Amino acid sequence: MSHPFSFECQTCCPHTKARAGVFHTPHGIVETPRFMPVGTLANVKTVTPAQLAETGAQMVLANTYHLHLQPGEGIVQKAGGLHKFMNWQGPILTDSGGFQVFSLSELREINDEGVTFRSPRDGHFIHLTPEKSIEIQNALGADVIMAFDECAPYPASRDVVETALHRTTRWLERCIKAHQRPNQALFGIVQGGVYLDLRQLSARSLIEFDLPGYAIGGVSVGEPPELIQKIVETITPLLPLNKPRYLMGVGTYREMVQAIGAGMDLFDCVIPTRLARHANALVGGERWNLRNQKFREDFTPLDATCPCYTCQSFTRAYLSHLLRSRELLGYTLVSIHNITELVRFTQRIRAAIQTGTFVEQFGHWLN
RNA sequence: GCGAGCGUAGCCAAGUGGUUAAGGCAGUGGUUUGUGGUACCACCAUCCCGCGGGUUCGAGUCCCGUCGUUCGCC
């Protein structure tokens with residue numbers, strides 16, 4: 001109330017570190033644990049904001065890197081900011097572009113100053129620094145902005161990871177200095193690869209800055225899922241109780257349950273929308289390829305227990321037909337369902353935590 | 001009726017004498033984790049190239065016949 005970014009933990013699980021909380025932002029609350037859909041412009045590519053709101057999504061992700069290239073933060077600013085430009089009235093989080101440097105570009109040069117790499121779009125050189133990333137994110141105007149970090153690949157040697165994490169910490173200082181807008185919360189990002197002592201070092205350095213929220217980054221870059229869990233279990237206890245904790249890029253049902261059990265609050269992942277565009281639906285904890293033969297004459301709803309528009313209106317056979325025909329509507333309908341599915345999954349976990357039945361209901365995912 | 005061409009997997013189609021017959025679509029599975037905008041990977045003609053003969057050490061590939069088909073001429 002006093003601070004636009006307060007976080008309150010409402011219920012703690014008696015058996016695990018899981019917690020149900022509320023994160024306040026200038027554009028509304030985020031009830032955690034929560035899955036946040038992610039997309040280039042947070043429109044998730046094939047879903048309208050109205051459809052997105054219906055999925056139960058509260059906060060959505062937009063992308064600094066892509067918006068910088070197209071249309072450019074200047075235009076977003078002239079439009080009145082990201083919320084107006086894309087017509088999403090709820091909370092928005094922008095990623096810093098650090099991960100895109102790692103994930104999209106082969107030709108890159110990283111030094112203490114920043115990163116230089118070729119745009120995969122047209123080949124021209126792009127220079128990103130902590131200051132530049134924050135300047136762009138200030139212009140975009142999301143509720144939460146992310147520190148510009150260096151995400152080391154997996155596998156990577158200890159030396160490489162250690163260098164990246166120290167650089168990330170030094171960059172965080174510069175991000176904080178560059179940050180001009182108090183109505184945007186700057187989150188720090190824990191790095192350190194799969195080296196737990198480096199992770200701890202990173203987390204301890206970050207919390208010195210007393211930021212409004214913390215993220216664990218550099219996971220789900222190819223390492224085995226057990227290692228993600230190990231990292232989360234080691235780091236979460238070091239993060240302040242009264243700040244939201246965001247596990248970047250995760251993910252799957254199991255990874256979310258395990259991370260929530262360890263005390264994480266927020267998740268984002270391309271899985272629901274990318275899977276949808278590849279004809280896969282998330283149903284009851286499983287992944288189904290709707291183009292498979294067995295769905296051609298299946299005239300039942302995708303998930304009879306799902307309240308989403310897709311499940312309420314169409315059959316598996318019809319979705320299979322749309323996807324086999326590469327009809328654009330197929331991607332939209334399955335995206336709506338998949339996002340709804342993961343958002344509802346985290347909502348059910350939240351409810352279970354509140355009623356003290358988290359372990360009872362979701363314990364089978366915990367190991 | 002005459003002349004010319006063509007007949008290769010469900011569809012389109014390369015190959016014109018020499019081991020296991022390109023490729024595409026369709027089909028059947030799989031992959032996808034802080035999104036390079038519908039991608040990628042695997043499998044998919046084991047007596048088989050319309051059918052029947054022939055030439056040749058060897059024929060989808062050459063020759064003859066036949067059936068089908070396309071175009072042109074009458």
Side-chain angles (χ1 to χ4, degrees), chain A residues 35-47 59-67 69-70 93-107 117-123 126 133 137 142 144-152 154 168 187-191 214-225 227-229 246-256 258-259 264 266-282 287-296 320 322-335 338-339 342:
Chain A
F35 177 82
M36 308 179 289
V38 56
T40 299
L41 214 148
N43 63 2
V44 207
K45 298 193 192 298
T46 60
V47 177
M59 181 175 247
V60 299
L61 261 72
N63 195 289
T64 295
Y65 168 83
H66 291 293
L67 290 170
L69 293 186
Q70 177 66 238
L93 180 153
T94 45
D95 191 15
S96 66
F99 185 78
Q100 277 61 48
V101 173
F102 153 81
S103 69
L104 327 174
S105 66
E106 287 145 25
L107 301 165
F117 59 104
R118 279 180 178 279
S119 161
R121 187 183 287 274
D122 60 13
I126 297 170
S133 173
Q137 293 189 80
V144 174
I145 66 177
M146 299 304 296
F148 188 67
D149 63 335
E150 179 180 348
C151 181
Y154 177 88
T168 295
F187 280 24
I189 304 174
V190 177
Q191 287 291 345
Y214 294 91
I216 295 177
V219 299
S220 59
V221 293
E223 74 281 25
L227 291 181
I228 299 180
Q229 181 54 11
Y246 163 31
L247 182 58
M248 307 184 80
V250 166
T252 64
Y253 291 97
R254 179 179 301 277
E255 287 161 10
M256 284 197 288
Q258 292 184 345
M264 296 303 291
L266 297 167
F267 307 88
D268 77 278
C269 192
V270 304
I271 277 180
T273 45
R274 181 177 290 163
L275 286 184
R277 276 176 279 120
H278 297 165
N280 288 60
L282 295 166
R287 187 159 57 79
W288 295 351
N289 185 343
L290 293 176
R291 286 206 262 250
N292 283 4
Q293 169 70 31
K294 61 183 170 188
F295 296 113
R296 290 192 85 158
S320 185
L322 291 176
L323 293 163
R324 283 169 179 270
S325 311
R326 269 73 174 172
E327 292 283 353
L328 298 182
L329 180 57
Y331 307 128
T332 297
L333 294 180
V334 179
S335 289
N338 284 354
I339 293 169
L342 289 190

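From a predicted model like this one, the values you see are computed outputs, not experimental measurements. First the proteins, then the strands, lettered A, B, ... as listed; each starts at 1.
A donor-acceptor pair is defined here as one N or O able to donate and one able to accept, closer than 3.5 Å; no such pair exists between the side chain of Thr273(A) and the backbone of Ser335(A). Looking at Glu223(A), its side chain does come within 3.5 Å of a backbone N or O of Val221(A) through a donor-acceptor pair. Although no hydrogens or angles enter the test, the distance criterion places no donor-acceptor pair under 3.5 Å between the side chain of Thr94(A) and the main chain of Ala142(A). Not one N or O on the side chain of Asp149(A) forms a donor-acceptor pair closer than 3.5 Å with the backbone of Cys151(A). Ser133(A) contributes a side-chain N or O that, together with a main-chain N or O of Ser96(A), makes up a donor-acceptor pair within less than 3.5 Å. A donor-acceptor pair is defined here as one N or O able to donate and one able to accept, closer than 3.5 Å; such a pair exists between the side chain of Asn338(A) and the backbone of Leu282(A).
Between Phe187(A) atom CZ and G34(B) atom C1' there is a gap of 13 Å when expressed in whole angstrom units. One can place CD of Glu223(A) at 13 Å from P of U32(B), the figure rounded to the nearest angstrom. Rounded to a whole Å, the CG atom of Asn280(A) is 12 Å from the P atom of U33(B). Going from atom CD of Gln70(A) over to atom P of U35(B) covers 17 Å, rounded to whole Å. Atom P of nucleotide U35(B) and atom CZ of Phe99(A) are separated by 6 Å, given to the nearest angstrom. Between Leu275(A) atom CG and U32(B) atom C1' the separation is 6 Å, expressed in whole Å. Here the P atom of nucleotide G34(B) and the NE2 atom of His66(A) are 11 Å apart, to the nearest Å. Rounding to whole angstrom units, CZ of residue Arg277(A) and C1' of U38(B) are separated by 7 Å.
G27(B) is paired with C43(B) under the criterion used here, namely a Watson-Crick or G-U wobble arrangement in which both key atom distances are under 3.5 Å. Nucleotide G3(B): paired with C71(B) (Watson-Crick or G-U wobble, both distances less than 3.5 Å). The base-pairing partner of A21(B), taking Watson-Crick or G-U wobble contacts with both distances under 3.5 Å, does not exist among the strands shown. Across all strands shown, A9(B) forms no Watson-Crick or G-U wobble pair with both distances under 3.5 Å.
Looking at which nucleotide of RNA chain B each of Arg291(A) and Ser220(A) is closest to, the 5′-most match is held by Arg291(A). Of the residues near RNA chain B, Ala152(A) and Thr46(A), the one whose nearest nucleotide (by heavy atom distance) lies more toward the 5' end is Ala152(A).
Nearest to the side chain of Asn292(A), among U35(B), G30(B), G27(B), sits G30(B). If you check U31(B), U35(B), G29(B) against the side chain of Arg287(A), the one that comes closest is U31(B). The side chain of Lys45(A) lies closest to U35(B) when the candidates are U35(B), U33(B), G27(B). The side chain of Gln293(A) sits closest to G29(B) out of U33(B), G34(B), G29(B).
A donor-acceptor contact under 3.5 Å is not formed by the side chain of Thr252(A) with the base of U33(B). Asn63(A) contributes no side-chain N or O that forms a donor-acceptor pair with the base of U35(B) under 3.5 Å. With hydrogens and angles ignored, no donor-acceptor pair closer than 3.5 Å exists between the side chain of Gln100(A) and the base of U35(B). With hydrogens and angles ignored, a donor-acceptor pair under 3.5 angstrom links the side chain of His278(A) to the base of U32(B).
Within the 4.0 angstrom heavy-atom criterion, base atoms lie near Ile189(A). Within 4.0 Å (heavy atoms only), Gly218(A) reaches at least one base atom of the nucleic acid. Using a 4.0 Å heavy-atom criterion, one finds that Asp95(A) contacts the bases of the nucleic acid, with or without backbone contacts as well. Within 4.0 Å of Leu247(A), counting heavy atoms only, lies no atom of the nucleic acid at all.
For the OP1/OP2 pair of G37(B) and a distance below 4.0 Å, the side-chain nitrogens and oxygens of Arg326(A) include no atom meeting the criterion. Residue Arg324(A) has no polar side-chain atom (N or O) positioned under 4.0 Å from OP1 or OP2 of A26(B). For Asn289(A) and G29(B), the shortest distance from a side-chain N or O to OP1 or OP2 is not below 4.0 Å. Side-chain nitrogen and oxygen atoms of Arg274(A) include none within less than 4.0 Å of the OP1 or OP2 phosphate oxygen of U38(B).
One P atom belongs to U28(B), the other to U56(B), and the distance between them is 48 Å to the nearest Å. Between the P atoms of U33(B) and C40(B), the separation comes to 15 Å (whole Å). The gap from the P atom of C73(B) to that of A14(B) amounts to 26 Å, rounded to the nearest Å. Comparing the P positions of A39(B) and C25(B) gives an interatomic distance of 10 Å, to the nearest angstrom. For C67(B) and G53(B), the C1' atoms lie 14 Å apart once the distance is rounded to whole Å. Rounded to a whole angstrom, the distance from the P atom of C12(B) to that of U69(B) is 15 Å. Taking atom P on both G50(B) and U46(B), the two are 15 Å apart, rounded to the nearest angstrom. Using P as the reference atom, C11(B) and A26(B) are 15 Å apart when rounded to the nearest Å.
Between Leu247(A) and Ile216(A), some side-chain heavy-atom pair lies under the 4.5 Å cut-off.
Going from atom CG of Leu323(A) over to atom CG of Asn292(A) covers 11.0 Å, rounded to the nearest 0.5 Å.
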